[in-house]
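By convention in this document, chain letters (A, B, ...) are assigned in the order of the sequence lines, proteins followed by strands, and residues within each chain are numbered from 1. All figures in this text were calculated on a predicted structure; none of them were measured in a lab.
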Amino acid sequence: MKAGSMIFSLLHVPGCRIQSLTNFWGETFNNFSNTCGNNSGIRRLSSRIYGLQGGNRKKWTRPITTNTEGNRSTTSKSIKHEIVNETILASSTVNVNKTQLAQFQEIEYCDLQQEIAQNKNLSSLVTVIVFDIETTGFSRENERIIEIALRDLQGGENSTFQTLVNPQCKVPNSHIHGITTQMVNKPGVPRMVDLIPILLKYVRTREKPGGYVLLVAHNARCFDVPFIINELRRYSMEIPPNWLFLDTLPLARELMKSGGTELSSTSLAALRDLYRIKVDGSAHRAMVDVDTLSLILPRLTFDLKLTLSGLVKKSFTESDITYSKKKKN
DNA sequence: AACCAGGCGCATGGTAGCGG
DNA sequence: CCGCTACCATGCGCCTGGTT
């Protein structure tokens with residue numbers, strides 16, 4: 001089904017009122033501007049608090065910053081069905097016996113119906129989080145994450161998460177991001193194994209009840225997501241089943257292909273220039289790039305006439321990456 | 001530097017249309 | 001029926017560009 005027709009059909013599904021993404025981003029922008037005050041640029045968040053959601057008095061002893069304003073049983077593959085499709089596909093090429101298939105389809109169908117019945121619109125179901133990582137290099141096998149930043153586009157209290165990560169090795173590419181070995185290899189900077197539970201807990205606090213998380217990054221499919229998957233697997237952990245990923249690089253390609261813009265390339269910098277977004281801080285630091293992408297995403301989706309459901313349709317899961325790898329081998 | 005997706009050009013195979 | 005030509009779909013390899 002073409003994207004255009006899909007959007008049309010979704011908008012006409014009774015009981016499945018899809019907000020236009022522009023409205024969704026509108027709310028986000030309001031929250032965002034309230035958060036940032038009157039400045040047109042995004043102000044770097046300097047205050048440090050230790051703990052999540054205020055209510056929890058347990059103190060963190062790690063340099064993780066947030067701002068101060070304020071197990072599902074279905075497979076990850078089925079998530080997109082539940083959110084995007086008004087009906088579940090009846091045909092399947094999965095090689096299982098017919099009884100199993102029928103049972104599986106029934107479960108998915110029931111889930112979908114429940115989702116639609118229980119959720120008035122997608123924005124009450126999906127949490128959109130823009131994220132970025134800095135690493136010691138390109139190889140996901142040999143290199144390590146040294147900084148991670150996230151921003152929940154709904155805003156509110158603790159809507160950002162940012163921390164350096166101790167890679168327990170040298171940082172050979174400080175000239176790229178300005179993060180040195182001395183900055184990360186010291187007490188107080190969490191190691192990945194310490195950070196993962198905190199990170200997972202943070203994302204959980206941003207989820208809507210029974211909802212899904214759409215994690216957005218530039219070149220997510222080929223860089224950020226494989227890195228995160230590898231780091232988790234290193235400690236025998238998995239991506240939560242309700243996480244979806246969205247890569248803005250193919251969206252940039254789509255925009256460039258459609259013509260009508262002055263987009264010179266599909267890089268984050270080119271998108272930043274196109275939308276005349278000022279960089280507040282040094283580019284190639286995780287939070288700066290997150291803030292940049294947070295401003296690019298609404299404009300990009302507006303230009304591509306995408307709804308939130310359209311974004312979910314373009315999203316992918318951990319298994320999508322694993323599967324495409326296996327297909328190549 | 002590693003890895004991946006997309007674009008492009010080229011080769012190949014299947015099919016339809018036409019004339020002898 | 002056979003041979004030729006044109007067209008289309010598909011697959012492969014190579015190159016480019018994105019990320020730190």
Side-chain angles (χ1 to χ4, degrees), chain A residues 3 129-151 162-185 189 192 195 215-234 239 244-259 261-275 277 279 281-294 296-297 300 304 313-329:
Chain A
I129 295 177
V130 175
F131 77 103
D132 189 47
I133 59 172
E134 304 302 318
T135 70
T136 56
F138 286 130
S139 170
R140 67 198 64 163
E141 298 296 332
N142 306 321
E143 312 292 356
R144 293 292 185 274
I145 294 174
I146 52 171
E147 188 179 40
I148 187 161
L150 297 85
R151 176 182 285 282
Q162 175 188 14
T163 181
L164 290 171
V165 184
N166 186 343
Q168 299 173 285
C169 64
K170 283 188 178 179
V171 180
N173 57 344
S174 300
H175 61 285
I176 301 288
H177 35 58
I179 301 169
T180 62
T181 306
Q182 291 74 25
M183 287 167 70
V184 290
N185 280 287
V189 178
M192 205 62 203
L195 180 65
L215 288 140
V216 185
H218 200 62
N219 206 9
R221 182 182 279 272
C222 300
F223 189 79
D224 301 68
V225 175
F227 252 101
I228 288 174
I229 289 172
N230 262 33
E231 290 283 14
L232 261 68
R233 286 188 181 162
R234 216 164 264 141
I239 296 286
L244 300 172
F245 299 100
L246 177 71
D247 190 348
T248 51
L249 182 61
L251 300 185
R253 280 198 196 104
E254 208 173 309
L255 183 66
M256 199 152 91
K257 226 168 77 175
S258 71
T261 68
E262 295 165 5
L263 189 60
S264 56
S265 84
T266 55
S267 68
L268 191 65
L271 287 165
R272 194 183 60 215
D273 291 345
L274 175 69
Y275 295 122
I277 293 165
V279 179
S282 65
H284 289 306
R285 282 303 296 268
M287 200 66 215
V288 175
D289 285 353
V290 162
D291 286 342
T292 302
L293 190 57
S294 297
I296 287 170
L297 184 62
L300 189 57
L304 291 171
K313 185 157 192 291
K314 288 176 184 295
S315 70
F316 59 94
T317 63
E318 176 194 7
S319 59
D320 288 330
I321 291 182
T322 313
Y323 179 65
S324 63
K325 259 185 177 176
K326 281 178 184 169
K327 249 191 346 186
K328 279 201 162 181
N329 293 339

Please encode protein proximity along nucleotides 13-20 of chain C as a string of B, S and -, counting only heavy-atom distances under 4.0 Å.
-----BBB

For the side chain of [X] and the backbone of [Y], is there at least one donor-acceptor N/O pair under 3.5 Å apart?
{"X": "A:H218", "Y": "A:T266", "result": "yes"}
{"X": "A:T136", "Y": "A:V171", "result": "no"}
{"X": "A:N185", "Y": "A:C169", "result": "yes"}
{"X": "A:R221", "Y": "A:F245", "result": "no"}

Take atom [atom1] of [X] and atom [atom2] of [N], then tell me their distance rounded to the nearest Å.
{"X": "A:F227", "N": "B:dA2", "atom1": "CZ", "atom2": "C1'", "result": "9 Å"}
{"X": "A:M256", "N": "B:dG7", "atom1": "CE", "atom2": "C1'", "result": "11 Å"}
{"X": "A:I229", "N": "B:dC3", "atom1": "CD1", "atom2": "C1'", "result": "13 Å"}
{"X": "A:E141", "N": "B:dC4", "atom1": "CD", "atom2": "C1'", "result": "14 Å"}

Tell me whether the OP1 or OP2 atom of B:dG6 has a side-chain N or O from A:K257 closer than 4.0 Å.
no

Counting only side-chain N and O atoms of A:R140, is one of them less than 4.0 Å from OP1 or OP2 of B:dC4?
yes

Go through the structure and list residues passing side chain to side chain donor-acceptor pair (under 3.5 Å) with A:N173, not counting sequence neighbours.
A:H177

Should the pair A:E254-A:K257 be classified as a salt bridge under the 4.0 Å nitrogen-to-oxygen rule?
no

